[in-house]
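This structure is a prediction, so every number in the text was calculated from the model and none was measured. Just the heavy atoms: all of them, side chains too, but no hydrogens, waters or symmetry mates, feed the values below. This chain uses plain numbering: 1 for the first residue, then up along the sequence.
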Amino acid sequence: AGFNFEGGLSLTDGSANKSGGNFWSREANVWLGGNWGRFKMGRDLNPSFFAVAQWDLTQIANYSAVDNTYNFSSPDGPRTSGMFAYTTPNFSGLSATLAFVPKNTRAATTNPADNNTKWDLNVLYGNGPISAGLGVNKVSQQKTNYTLGGKYTFGGQFALAASYNTLSVANLSRRGFSLGGSYFTGPFTLTLDVVRDIKNELGPKKYTNATLEGKYALSKRTFVYAAFLRLDSTNNYGIGLRHNF
């Protein structure tokens, strides 16, 4: 048995509530687990989020072109409140999660007028050089969203990733594909990920977006980075330090 409560904090001005508007806006959930899997209740990352995280070359950085273009293939973004989720045990790298959100629970941190039910699921595989993830979610009375991607690592020096993504908001759709690669040499990694719209009803036209990232590992869990994001005709830059706990 366990629980997880997380709040967001801005390093720019110290303000809180950065991930949904409430104090525990990142995660607020309890769970029971065993050799039968895990059952979780509360606010959590969507199963579709983990489908993207399985192969994303930037490790789900906030400058990821795929994540910013298709919002993790979910109208709610990466998190949803009020979820009931079951995750299977890991079978030689294969696992799955199914989540359901009852009516009137999503509205607290999404669109206040949107109180429809939602279901979300993923199927993940990670074994050796292969990582892949399928995510599917649907809000009642809206179109179904999909994300399917995979990554293959060649000898620890190069990784290639590709994906297909859809996003529907108020039954308006955006869909497209991504293709990217990472090159590893000692502590330095260089990544280029390109996203291309096939259809875009959410904007004025179809876009080609991209992320260029360079990072230098200070340890197994800590690295410094510089990144450029081209997103829907805007140019964005950033430098930073990241530690994975």
Side-chain angles (χ1 to χ4, degrees), residues 8-15 18-19 26 45-46 48-74 77-79 131-133 135 147-167 169 174-200 202-245:
L9 177 67
S10 170
L11 298 183
T12 301
D13 57 12
S15 61
K18 302 300 290 186
S19 303
R26 291 182 61 83
L45 292 163
N46 297 316
S48 294
F49 171 92
F50 292 104
V52 178
Q54 190 74 357
W55 48 264
D56 184 82
L57 292 170
T58 67
Q59 298 178 300
I60 311 294
N62 60 6
Y63 48 77
S64 167
V66 178
D67 305 340
N68 282 280
T69 303
Y70 301 110
N71 205 29
F72 304 95
S73 291
S74 171
R79 300 172 180 83
S131 299
T147 178
L148 174 64
K151 179 176 68 174
Y152 190 89
T153 303
F154 301 85
Q157 289 188 310
F158 184 76
L160 182 67
S163 71
Y164 175 77
N165 306 271
T166 70
L167 171 65
V169 179
R174 185 175 192 177
R175 63 175 182 261
F177 63 89
S178 72
L179 180 65
S182 293
Y183 176 69
F184 314 97
T185 173
F188 181 74
T189 302
L190 181 66
T191 296
L192 175 64
D193 205 9
V194 179
V195 179
R196 175 59 185 174
D197 285 330
I198 299 174
K199 179 180 182 180
N200 185 12
L202 299 177
K205 64 177 184 176
K206 296 182 288 186
Y207 292 95
T208 298
N209 296 330
T211 293
L212 179 63
E213 174 201 56
K215 61 184 180 183
Y216 186 88
L218 303 175
S219 68
K220 290 183 177 180
R221 295 178 177 268
T222 307
F223 61 83
V224 292
Y225 67 86
F228 165 76
L229 169 64
R230 174 71 172 180
L231 180 64
D232 296 353
S233 298
T234 66
N235 296 321
N236 309 271
Y237 308 87
I239 58 173
L241 171 70
R242 173 168 165 175
H243 179 79
N244 298 319
F245 292 91

**OP:** Calculate, to the nearest 0.5 Å, the distance between atoms CZ and CG belonging to R26 and L9 respectively.
**Re:**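 Between R26 CZ and L9 CG, I get 10.5 Å after rounding to 0.5 Å.
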
**OP:** Please round to the nearest 0.5 Å and tell me the distance separating atom OG1 of T166 and atom NZ of K199.
**Re:**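 Between T166 OG1 and K199 NZ, I get 10.5 Å after rounding to 0.5 Å.
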
Original post:
Can you find a pair of side-chain heavy atoms, one from F228 and one from N235, that are under 4.5 Å apart?
Top reply: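 They are in side-chain contact.
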
Original post:
How many angstroms lie between atom CG of N209 and atom CG of L229, to the nearest 0.5 angstrom?
Top reply: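 Here the interatomic distance stands at 7.0 Å.
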
Subject >> Distance-minimising heavy-atom pair for F184 and T189 >> reply: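 Taking F184 first and T189 second, the nearest heavy atoms are CD2-OG1, 3.5 Å.
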
Can you give me every donor-acceptor pair (side chain of residues 48-56, partner residue at least two apart or in another chain, under 3.5 Å) with its distance?
from	atom 1	to	atom 2	distance (Å)
S48	OG	D120	OD1	2.8
S48	OG	D120	OD2	3.3
S48	OG	N137	ND2	3.1
Q54	NE2	Y125	O	2.9
W55	NE1	A51	O	2.9
D56	OD1	S64	OG	3.1
D56	OD2	T58	N	3.0
D56	OD2	T58	OG1	2.6
D56	OD2	Q59	N	3.2
D56	OD2	I60	N	2.9

**OP:** Check the pair S182, E213 against side chain to side chain contact (heavy atoms under 4.5 Å, CB included), reporting the backbone distance first and the verdict last.
**Re:** CA-CA 9 Å; S182 293; E213 174 201 56; 5.8 Å; no

Original post:
Ignoring hydrogens and geometry, is there a side-chain-to-backbone donor-acceptor pair from S219 to T222 under 3.5 Å?
Top reply: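 Present.
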
**OP:** Verify side chain to side chain contact (heavy atoms under 4.5 Å, CB included) between L241 and L218, making sure each step is shown before the conclusion.
**Re:** CA-CA 10 Å; L241 171 70; L218 303 175; 4.1 Å; yes

Original post:
Of all heavy-atom pairs between T208 and R196, which one has the smallest distance, and what is that distance?
Top reply: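 Answer, listing the atom of T208 first, then R196: OG1-NH1, 2.9 Å.
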
Original post:
Between T69 and R174, is any pair of side-chain heavy atoms under 4.5 Å apart?
Top reply: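 Yes, at least one pair of side-chain atoms sits under 4.5 Å.
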
**OP:** Please determine, by modelled atom types, if N236 and T234 share a side-chain donor-acceptor pair under 3.5 angstrom.
**Re:**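 A donor-acceptor contact under 3.5 Å links the two side chains.
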
**OP:** Quick one: pull up CG in L231 and OH in Y207 and give me the separation to the nearest 0.5 Å.
**Re:**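 L231 atom CG to Y207 atom OH measures 9.0 Å (nearest 0.5 Å).
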
Original post:
Looking at A61 and D67, what are the two nearest heavy atoms and their distance?
Top reply: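 Nearest heavy atoms, A61 then D67: O-OD2, 3.9 Å.
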
Original post:
So, do L148 and F177 sit near enough that their side-chain heavy atoms are less than 4.5 Å apart?
Top reply: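 No, too far: nothing below the 4.5 Å cut-off.
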
**OP:** Using modelled atom types only, decide if a donor and an acceptor are shared between the side chain of R221 and the backbone of N244 within a distance under 3.5 Å.
**Re:**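 Such a contact is found between R221 side chain and N244 backbone.
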
**OP:** State the CG-CZ distance between L167 and R175, to the nearest 0.5 angstrom.
**Re:**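 One finds 12.0 Å between CG of L167 and CZ of R175.
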
Name the atoms and distances for all side-chain donor-acceptor pairs under 3.5 Å in residues 152-163, with sequence neighbours left out.
from	atom 1	to	atom 2	distance (Å)
S163	OG	N165	ND2	2.9
S163	OG	S178	OG	2.4

Original post:
At their closest point, which heavy atom of I239 faces which heavy atom of A226, and how far apart are they?
Top reply: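 Heavy atoms only, the tightest pair is CG2-CB, 3.9 Å.
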
Original post:
Does the side chain of T191 come within less than 4.5 Å of T211's, by heavy atoms?
Top reply: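 No, too far: nothing below the 4.5 Å cut-off.
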
Subject >> Heavy-atom pair with the smallest gap, counting every atom of L190 and G214 >> reply: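 Nearest heavy atoms, L190 then G214: CD1-CA, 4.5 Å.
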
**OP:** Identify, with sequence neighbours excluded, every residue that meets side-chain contact (heavy atoms from CB on, under 4.5 Å) alongside K220.
**Re:**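 Testing K220 for side-chain contact (heavy atoms from CB on, under 4.5 Å), a comparison that skips the adjacent residues, returns none.
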
Subject >> Closest heavy-atom pair and its distance - N68, Y63 >> reply: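 Smallest interatomic distance, heavy atoms only, reads ND2-C, 3.7 Å.
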
